[in-house]
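Right, one structure below, let's go through it.
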2 protein chains.
Amino acid sequence: MTRGDTAPTRPRGGLADKRRAILAGALTVFARDGYTRTSLDAISAAAGVSTRTIYNHFTDKARLFQAVIQESATRAADAQIAIIDRHLTKVVDLEADLVEFGLAFTAPTAAEHAEHFALVHQINAEAGHIPQPAIDAWQETGPLRVRRALAAHLGRLTERGLLEVADPDRAAVHLLLLISVADPSYRGAVPTREAISETVAAGVRVFLRGYLR
Amino acid sequence: MTRGDTAPTRPRGGLADKRRAILAGALTVFARDGYTRTSLDAISAAAGVSTRTIYNHFTDKARLFQAVIQESATRAADAQIAIIDRHLTKVVDLEADLVEFGLAFTAPTAAEHAEHFALVHQINAEAGHIPQPAIDAWQETGPLRVRRALAAHLGRLTERGLLEVADPDRAAVHLLLLISVADPSYRGAVPTREAISETVAAGVRVFLRGYLR
DNA sequence: TACTTATTGCCATACACATTGTAGTTTACT
DNA sequence: AGTAAACTACAATGTGTATGGCAATAAGTA
């Protein structure tokens with residue numbers, strides 16, 4: 001009963017922000033190296049915690065991974081939803097606002113939560129080896145929640161006559177895809193701020209033409 | 001000098017379609033389990049070949065992985081480009097043809113080359129641990145080649161006045177994204193043929209509105 | 001049939017790593 | 001200061017697995 005809020009399980013004697021540290025370190029390593037490559041030694045090093053302590057907080061490497069997924073997905077989705085709300089609640093110039101939204105959504109998100117998105121790649125790859133319930137839970141608290149938030153705004157914009165969206169959920173998927181700064185050259189090529197701007201602007205343009213009137 | 005064409009390296013004594021078998025088996029296992037999880041024993045089992053033979057053909061697990069990537073990417077890209085050419089060379093009804101193209105591109109491609117696309121996930125996840133040249137080579141013979149082929153057709157359609165595409169490459173990216181049957185629920189939910197149809201049709205509709213006139 | 005080369009089975013090495021046990025040490029709270 | 005809980009270092013166990021070395025065998029070729 002000291003400050004009870006973080007640790008849902010056993011050890012929480014007051015001196016342990018260890019759990020946070022572990023989750024943070026694990027996120028870093030899992031995101032970079034993937035589940036299988038990641039050793040508990042690496043995590044313990046990254047977290048500044050002994051491996052033994054990790055086993056005191058999380059019974060298993062697998063459970064730790066799932067906990068990391070949930071944690072990271074929650075935070076990233078929260079951040080994204082905040083951006084969505086901030087940009088799409090009071091809309092004046094639809095195109096301009098969508099572009100700004102797209103920029104806010106891609107660039108900084110990718111920067112702050114870079115680790116998270118690397119983790120998403122790992123999850124996709126590992127999908128066949130992660131228990132389905134865990135994947136479902138992740139989808140629910142992460143991507144699906146975000147998409148639903150966006151869809152809700154698109155629906156509202158439709159009601160206000162600013163858009164013509166029959167299937168808000170599909171429209172949300174389309175918008176997210178179109179403003180994504182996908183594939184080009186992968187690592188190495190640091191996309192210019194201008195390149196991102198153009199990509200987003202072009203995506204928004206196509207989206208609007210597709211869903212306007 | 002027996003039949004020389006497949007094996008670019010050492011052993012090719014005539015009795016060895018082993019190389020093919022190894023690549024096929026390795027693709028299966030790498031795609032399913034990812035690089036790190038995959039053991040050479042598993043590959044040898046899947047290929048019906050002794051592990052020792054694998055080392056006679058490929059010096060390394062890493063090189064084998066790269067060879068598999070190249071092989072698989074080449075075949076998948078070839079197939080996709082064939083579909084692109086087949087559907088977008090003589091266009092009569094643009095929307096109808098694009099929808100058919102989209103269906104041909106997503107559904108059967110994903111079926112026949114399912115392993116390849118699983119492998120792509122693995123590559124994305126492993127990206128940080130694959131030598132950059134190998135990744136570049138893959139991008140070049142795979143995704144970029146496909147995109148360029150599609151872009152060429154879109155350019156041609158623009159010249160014929162059927163489309164209004166300023167940046168064919170970006171348009172190609174957009175089209176590919178919009179007809180992709182992405183994320184929903186992941187594994188488990190077998191997307192209905194109708195669901196796919198609708199998704200593709202909706203994507204094409206947005207694309208056309210964005211790039212028509 | 002004799003010869004070359006690929007393939008195989010099996011062994012051996014060596015390491016990496018998950019996981020647990022134990023005993024000592026630190027920390028927070030009273 | 002004293003106590004209980006949490007943390008740490010360390011060792012130990014067991015397993016998986018990349019990779020190399022051989023000698024025996026099979027297969028294709030002359």
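In what follows, every chain begins at residue 1, and chains take the letters A, B, ... in the order their sequences are listed.
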Parallel, tilted or perpendicular, as decided by the 30° and 60° cut-offs, for the rings of Phe65(B) and Phe30(B): perpendicular

Separation of [N] [atom2] from [X] [atom1] (nearest whole Å):
{"X": "Ile54(A)", "N": "dA6(D)", "atom1": "CD1", "atom2": "P", "answer": "17 Å"}
{"X": "Arg37(A)", "N": "dT17(D)", "atom1": "CZ", "atom2": "C1'", "answer": "14 Å"}
{"X": "Tyr55(A)", "N": "dC10(D)", "atom1": "OH", "atom2": "C1'", "answer": "16 Å"}
{"X": "Asp41(A)", "N": "dC10(D)", "atom1": "CG", "atom2": "P", "answer": "13 Å"}
{"X": "Asp33(B)", "N": "dG16(D)", "atom1": "CG", "atom2": "P", "answer": "15 Å"}
{"X": "Phe65(A)", "N": "dC17(C)", "atom1": "CZ", "atom2": "P", "answer": "17 Å"}
{"X": "Leu40(A)", "N": "dT13(D)", "atom1": "CG", "atom2": "P", "answer": "20 Å"}
{"X": "Arg20(B)", "N": "dA6(C)", "atom1": "CZ", "atom2": "C1'", "answer": "17 Å"}

Do NZ/NE/NH1/NH2 and the carboxylate oxygens of [X] and [Y] come within less than 4.0 Å?
{"X": "Glu198(B)", "Y": "Arg170(A)", "result": "yes"}
{"X": "Arg37(A)", "Y": "Glu126(B)", "result": "yes"}
{"X": "Arg148(B)", "Y": "Asp169(B)", "result": "no"}

Residue [X], side-chain heavy atoms: nucleotide from [options] that is nearest:
{"X": "Lys18(B)", "options": "dT19(C), dC17(C), dT8(C)", "value": "dT8(C)"}
{"X": "Thr53(A)", "options": "dA18(C), dT8(C), dC7(D)", "value": "dC7(D)"}
{"X": "Ser50(A)", "options": "dC17(C), dT19(C), dT8(D)", "value": "dT8(D)"}
{"X": "Lys61(A)", "options": "dA18(C), dT8(C), dC7(D)", "value": "dA18(C)"}
{"X": "Ser39(A)", "options": "dC7(D), dA18(C), dT8(D)", "value": "dA18(C)"}

Contact under 4.0 Å: His57(A) side-chain N or O vs dC7(D) OP1/OP2: yes

Step-by-step side-chain hydrogen bond (donor to acceptor under 3.5 Å, both in side chains) determination, His87(A) to Asp97(A): CA-CA 7 Å; His87(A) 286 265; Asp97(A) 289 339; over 6 Å; no

Touch class at under 4.0 angstrom, heavy-atom based, for Thr38(B) against every strand present: sugar-phosphate

Arg52(B) (side chain) and dG21(D) (base): donor-acceptor pair under 3.5 Å: yes

